[in-house]
Amino acid sequence: MTPRVRFAPSPTGYLHVGAARTALYNYLFAHHNGGTFILRSDDTDTARGADEFQEDILEHLGWLGLEWDEGTVVGGPHGTYRQSDRYDRYRSVAQALVNSGSAYYSFATAEQLDAFKREAREAGTSPAYDGSLEPSESEVAERLAAGETAVVRFKVPRPGATVFADIVRGDMRFEHAQVDDFVILRSNGTPTYHLASTVDDVDYGITHVIRGEDLLSSTPKHILLTRAMGSDPAIYAHLSLLMGPDGKKLSKRHGDTAMAAYRGAGYLPEAMNNYLALLGWNIGDDETIASLNEMVDRFDLTTVSKNPAVFDPKKLEWMNGVYIRDMDDAEFLEVTLPLVEEVVGRTFSRDDRARYAMLVPLVKERTKLLPEVASQARFLFVDIDEYDEKAWSKVMAVDEGPIALDGAVAALEALDSWTTDGIDTALRSMLEEHELSARKGLQPIRVAISGSTVSPPLFESLEILGRDEALSRIRTARAALS
RNA sequence: GGCCCCGUCGUCUAGAGGCCUAGGACGCCGCCCUCUCAAGGCGGUAGCGUGGGUUCAAAUCCCAUCGGGGCUACCA
């Protein structure tokens with residue numbers, strides 16, 4: 001049996017990192033086992049659903065490279081894979097369930113339900129609505145005929161229990177006394193999540209349901225529903241939830257949770273996938289870095305951790321740096337060029353581009369987040385209009401400042417081969433001549449050409465900047481010093 | 001309140017009775033390298049929630065306890 005798994009987000013928000021991890025695990029499981037990864041849109045919550053969210057989810061799943069074999073947009077044998085297109089199907093299942101005695105119409109009011117829960121709580125028992133408010137058949141007929149609206153509830157068989165073997169949790173058992181007669185069809189005729197999701201899982205031949213732990217206690221409902229439809233339940237695997245640094249379920253108040261925010265902040269999809277995979281699963285052999293394909297090869301759902309994991313942006317950032325350093329220069333140039341152009345404020349000419357290409361290997365290994373390249377490369381393309389205040393007072397307006405600058409001008413003017421090596425040699429002998437330490441003697445030059453005490457390596461920077469511009473900047477700084 | 005899940009360094013984890021004076025990674029600290037910043041190299045800091053058992057032997061098994069989390073909607 002080849003597995004069929006699905007990622008079924010509800011478009012009630014942007015794709016967040018926790019959902020992305022669930023999608024990733026489904027993807028890894030499907031591919032490892034030669035199965036099918038399906039994307040479905042569980043949009044039964046019409047009040048909250050939005051096209052904007054749906055698009056965001058599709059967009060970022062694509063960005064992560066978690067392509068689906070069947071489902072939304074790409075299609076397949078089951079239509080649009082959008083629940084809002086299948087209301088007739090859900091309604092007919094609900095009706096069939098009523099006909100077979102597995103479900104019933106309910107007129108219970110919010111007040112009645114509240115009272116029921118309150119009593120249960122006071123008695124210290126489970127608040128599960130136990131069907132004692134189920135109306136008689138004749139009453140249903142009468143009230144429906146009179147135009148009253150009703151919900152359809154699933155009749156949970158009591159006493160009894162549902163047991164199942166969860167791949168990550170192990171053996172589960174839920175007493176039916178704890179499960180209430182949940183609504184499957186709302187009074188407006190739309191299905192609830194439980195019905196729609198279960199019907200789809202059955203109709204689409206889903207073999208493994210891999211989802212968040214928040215659905216663990218709903219699983220007996222889904223199993224009961226599946227059996228009532230005459231089918232065998234899927235195998236379930238409930239993933240622990242992602243937490244914020246305070247140990248609470250990860251949410252907006254912990255900072256960014258939307259995948260779009262991470263993409264915008266300069267994270268690479270490869271790093272994101274790698275990091276997310278590690279939250280609850282280990283590649284093995286003390287390994288941390290692995291490509292999507294390597295992870296597919298090694299993925300094993302049975303070794304997934306049960307503990308909730310704290311999402312740690314620090315490690316993600318480190319990992320992003322690893323992936324950035326691993327990019328080849330040409331690729332790095334392509335993805336970062338727009339970022340630099342934006343900060344510089346102009347579209348690059350051939351010459352700009354060529355000079356940036358020379359700088360690329362230097363900034364690449366100094367970058368953890370893509371946008372950082374802009375501040376590192378900026379000096380190459382704009383005039384130095386102001387010097388960092390601290391840099392000026394600490395390295396320029398001191399005894400060594402003018403000496404180093406004058407020495408640099410003299411040494412560089414006399415230099416005939418404007419190369420990193422040539423500059424290196426010339427400046428080092430200048431240092432010796434004036435008895436300056438490398439630190440004291442070179443920092444003023446760095447500040448003069450970049451405006452800051454932090455820049456890419458000096459000799460290379462000077463070479464790329466070009467003789468005229470370099471000398472001009474050093475003279476300008478020297479003049480500002482007198 | 002009820003039901004369910006979880007509990008190894010600050011964080012992600014390895015560990016399925018002796019291989020553990022608990023391993024790896026991020027972070028943090030120190031040293032080295034070094035023209036700054038990174039990167040890199042080397043070293044260090046730090047953990048089995050607690051209390052009882054079982055056993056020659058427990059991070060690993062049992063019980064209790066404490067802590068955290070989820071669900072408890074005509075949300076998903």
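All values derive from a computational prediction rather than experimental measurement. Below, chains carry the letters A, B, ... as their sequence lines are ordered, and counting in each starts from 1.
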Mate of B/rC71 where both pairing distances stay under 3.5 Å, Watson-Crick or G-U:
B/rG2
P-based separation of B/rA58 from B/rG51 [nearest Å]
15 Å
Would you call the rings of A/Tyr387 and A/Trp392 parallel, tilted or perpendicular, where under 30° means parallel and over 60° means perpendicular?
tilted
Please report the distance, rounded to the nearest Å, between CH2 in A/Trp318 and C1' in B/rU11.
13 Å
Please write out the pairs of protein N or O atoms and N or O atoms of nucleotides 1-8 of chain B separated by less than 3.5 Å, giving the distance to one decimal.
{"unit_1": "B/rG1", "atom_1": "N1", "unit_2": "A/Arg121", "atom_2": "NH2", "d": "3.4"}
{"unit_1": "B/rG2", "atom_1": "O2'", "unit_2": "A/Gln178", "atom_2": "OE1", "d": "3.2"}
{"unit_1": "B/rC3", "atom_1": "O4'", "unit_2": "A/Gln178", "atom_2": "OE1", "d": "3.1"}
{"unit_1": "B/rC5", "atom_1": "O2'", "unit_2": "A/Arg169", "atom_2": "NH1", "d": "2.3"}
{"unit_1": "B/rC5", "atom_1": "O2'", "unit_2": "A/Glu213", "atom_2": "OE2", "d": "3.1"}
{"unit_1": "B/rU8", "atom_1": "OP2", "unit_2": "A/Asn307", "atom_2": "ND2", "d": "3.0"}

Report the C-alpha separation of A/Val152 and A/Val183 in whole Å, then their side-chain angles, then the decisive distance to 0.1 Å, and conclude whether the side chain to side chain contact (heavy atoms under 4.5 Å, CB included) test is met.
CA-CA 6 Å; A/Val152 175; A/Val183 172; over 6 Å; no
Ion pair check, A/Asp203 and A/Arg86, cut-off under 4.0 Å:
yes
Donor-acceptor contacts under 3.5 Å from residues 271-280 of chain A side chains, at least two apart:
{"unit_1": "A/Asn273", "atom_1": "ND2", "unit_2": "A/Leu64", "atom_2": "O", "d": "2.9"}
{"unit_1": "A/Asn273", "atom_1": "ND2", "unit_2": "A/Pro269", "atom_2": "O", "d": "3.4"}
{"unit_1": "A/Asn274", "atom_1": "OD1", "unit_2": "A/Ala290", "atom_2": "N", "d": "2.9"}
{"unit_1": "A/Asn274", "atom_1": "OD1", "unit_2": "A/Tyr323", "atom_2": "OH", "d": "2.5"}
{"unit_1": "A/Asn274", "atom_1": "ND2", "unit_2": "A/Thr288", "atom_2": "O", "d": "2.9"}
{"unit_1": "A/Tyr275", "atom_1": "OH", "unit_2": "A/Asp312", "atom_2": "N", "d": "2.7"}
{"unit_1": "A/Tyr275", "atom_1": "OH", "unit_2": "A/Asp312", "atom_2": "O", "d": "3.2"}

Any strand counts, and the cut-off is 3.5 Å on both contacts for Watson-Crick or G-U wobble. Which nucleotide pairs with B/rU54?
none
Taking atom CZ of A/Arg378 as the centre, report whether more than 12 heavy atoms of other residues, nucleotides or ligands fall under 6.0 Å from it.
no
Base paired to B/rA46 (Watson-Crick or G-U; both N/O distances under 3.5 angstrom)
none
A/His176: what forms a ring pair (Phe, Tyr, Trp, His ring centres under 6.0 Å) with it, not counting sequence neighbours?
none
Under the rule for salt bridge (charged side-chain N to carboxylate O under 4.0 Å, His left out), what residues qualify as partners of A/Glu175, not counting sequence neighbours?
A/Arg173
Any strand: nucleotide that pairs with B/rG7 via Watson-Crick or wobble, under 3.5 Å
B/rC66
Distance check needed: B/rG40 P versus A/Lys364 NZ, whole Å only.
13 Å
Could you let me know what B/rA38 is paired to, Watson-Crick or G-U wobble, both distances under 3.5 Å, or none if it's on its own?
none
Between B/rG69, B/rA76, B/rA25, which nucleotide has the shortest distance from any of its atoms to the side chain of A/Met243?
B/rG69
Is A/Asp181 salt-bridged to A/Lys221, going by a charged N under 4.0 Å from an acidic O?
no
Quick check, are the ring centers of A/Tyr90 and A/Tyr193 under 6.0 angstrom apart?
no
Partners meeting side chain to side chain donor-acceptor pair (under 3.5 Å) with A/Ser429 (sequence neighbours left out)
none
Taking only distance into account, with no hydrogens and no angle test, what donor-acceptor pairs under 3.5 Å do side-chain atoms of residues 457-464 of chain A form with protein atoms, sequence neighbours excluded?
{"unit_1": "A/Ser461", "atom_1": "OG", "unit_2": "A/Pro456", "atom_2": "O", "d": "3.3"}
{"unit_1": "A/Ser461", "atom_1": "OG", "unit_2": "A/Pro457", "atom_2": "O", "d": "2.7"}
{"unit_1": "A/Glu463", "atom_1": "OE1", "unit_2": "A/Thr420", "atom_2": "N", "d": "3.1"}
{"unit_1": "A/Glu463", "atom_1": "OE1", "unit_2": "A/Thr420", "atom_2": "OG1", "d": "2.5"}

Show each protein N/O and nucleotides 20-24 of chain B N/O combination with a separation under 3.5 Å, one pair to a line.
{"unit_1": "B/rG24", "atom_1": "O2'", "unit_2": "A/Asp286", "atom_2": "O", "d": "3.4"}

My understanding is that only residues two or more places apart in sequence, or in another chain, count here; which of them pass side chain to side chain donor-acceptor pair (under 3.5 Å) with A/Thr219?
A/Arg211, A/His238
Under 3.5 Å between N/O atoms: give me all the protein pairs with nucleotides 59-63 of chain B, atom names plus distance.
none

For A/Phe182, enumerate each residue passing the ring pair (Phe, Tyr, Trp, His ring centres under 6.0 Å) test, keeping only those at least two apart in sequence or located in another chain.
A/Phe154, A/His194
Determine, for nucleotides 32-38 of chain B in 5'-to-3' order, which nucleotides have protein heavy atoms under 4.0 Å from the base (write B), from only the sugar-phosphate (write S), or from neither (write -).
---BBBB
Going by the rule ring pair (Phe, Tyr, Trp, His ring centres under 6.0 Å), which residues pair with A/Tyr25 if we only count those two or more places apart in sequence or in a different chain?
A/Phe299
What distance, rounded to whole Å, do you find between the two C1' atoms, one in B/rA46 and one in B/rC26?
13 Å
